[in-house]
Amino acid sequence: MPHRTAETIRFSAQEALVCAMVLMSVADGPMSDAELAMMSRMVQELPAFADFHSAGIETVTDTVARLLGRTDGLDMAMEMLRETLPMRLRETAYLLACEVCAADGDATQEELRFLQDLRIGLDIDRLIAGAIERAAKARYQVI
């Protein structure tokens, strides 16, 4: 569970990955059922979450909501993600955010702006981010 102090929030790597998904899901307003279902499915299926329980999503969501209630909350969240996640998991966080973005259809302008901010905040190369985005989009093409 997150470790909270007066000025900082520290997440485990798994909680930080969930944080990236939650931030993506609220980028354009309240979290949709499709986004929550996508997050739950990824937490249950992906190896990165092998010993993480779906109930942790609610705990991280509550922490992120309190964090975003602060004026500097998004900046604090980005800093926490950078400090917690090694580069290989930063790319995973970006991928998870893209999957959540794709969960409920077309990306909104707010979601696209958040993805750009996340890419910059996590120091992910533009070409790598583009490949991740394209892969997520390709997975959800409709015939």
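Bear in mind the structure is a predicted one, so any value in this text is a computation, not a measurement. Quick note: numbers below take in every heavy atom, side chains included, and nothing from hydrogens, waters or symmetry partners. This chain uses plain numbering: 1 for the first residue, then up along the sequence.
With values rounded to the nearest 0.5 angstrom, L36 atom CG is found 9.5 Å from E58 atom CD. Expressed to the nearest 0.5 Å, how far OG1 of T84 lies from CG of L17 amounts to 9.5 Å. In this structure, E99 CD and E35 CD are separated by 12.5 Å, a value rounded to the nearest 0.5 Å. Distance check: T61 OG1 to R66 CZ gives 10.5 Å after rounding to the nearest 0.5 Å. Atom CD1 of residue I124 and atom CZ of residue R90 lie 8.0 Å apart, to the nearest 0.5 angstrom. I120 contributes atom CD1, which lies 11.0 Å from atom CG of L115 (distance to the nearest 0.5 angstrom).
Two residues are said to be in side-chain contact when any heavy atoms from C-beta on lie closer than 4.5 Å; V22 and V100 fail this criterion. Taking the side chain as every heavy atom from C-beta outward, I132 and R119 never approach each other to under 4.5 Å. The side-chain heavy atoms of L89 and T92, taken from C-beta on, include a pair separated by under 4.5 Å. Counting heavy atoms from C-beta on, the side chains of M21 and M38 never come closer than 4.5 Å. When side chains are defined from C-beta on, V18 does not count as touching F11, because their heavy atoms never get closer than 4.5 Å. Within the 4.5 Å cutoff, side-chain heavy atoms of L118 are placed close to those of M78.
Applying the ring-ring contact (aromatic ring centres under 6.0 Å, His included) rule to F114 yields no partners; only residues at least two apart in sequence or on another chain are considered. In this structure A65 satisfies the side chain to side chain contact (heavy atoms under 4.5 Å, CB included) test with no other residue, sequence neighbours excluded.
For the pair E111 and A27, the tightest heavy-atom approach, listed with the atom from each and the gap, is CA-CB, 4.3 Å. L122 and A93 make their closest contact through CD1-CB, 4.1 Å (heavy atoms, listed as atom of the first residue, atom of the second, distance). Nearest heavy atoms, A20 versus A97: O-CB, 4.2 Å. In terms of heavy atoms, L112 sits closest to A107 at CD2-CB, 3.7 Å. What you find for C19 and M80 is that their closest heavy atoms are SG-CE, 3.7 Å. Contact record, F49 with M42: CD1-O, 3.6 Å, taken as the closest heavy-atom pair.
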Salt bridge (Lys or Arg N to Asp or Glu O under 4.0 Å) between E83 and R10, worked out: CA-CA 9 Å; E83 290 175 358; R10 293 195 179 114; 5.9 Å; no

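One N or O on the side chain of Q14 and one on the backbone of A48 form a donor-acceptor pair closer than 3.5 Å.
Around atom CG of D72, more than 12 heavy atoms belonging to other residues, nucleotides or ligands sit under 6.0 Å away. Atom CD of E110 is surrounded by more than 12 heavy atoms from other residues, nucleotides or ligands within 6.0 Å.
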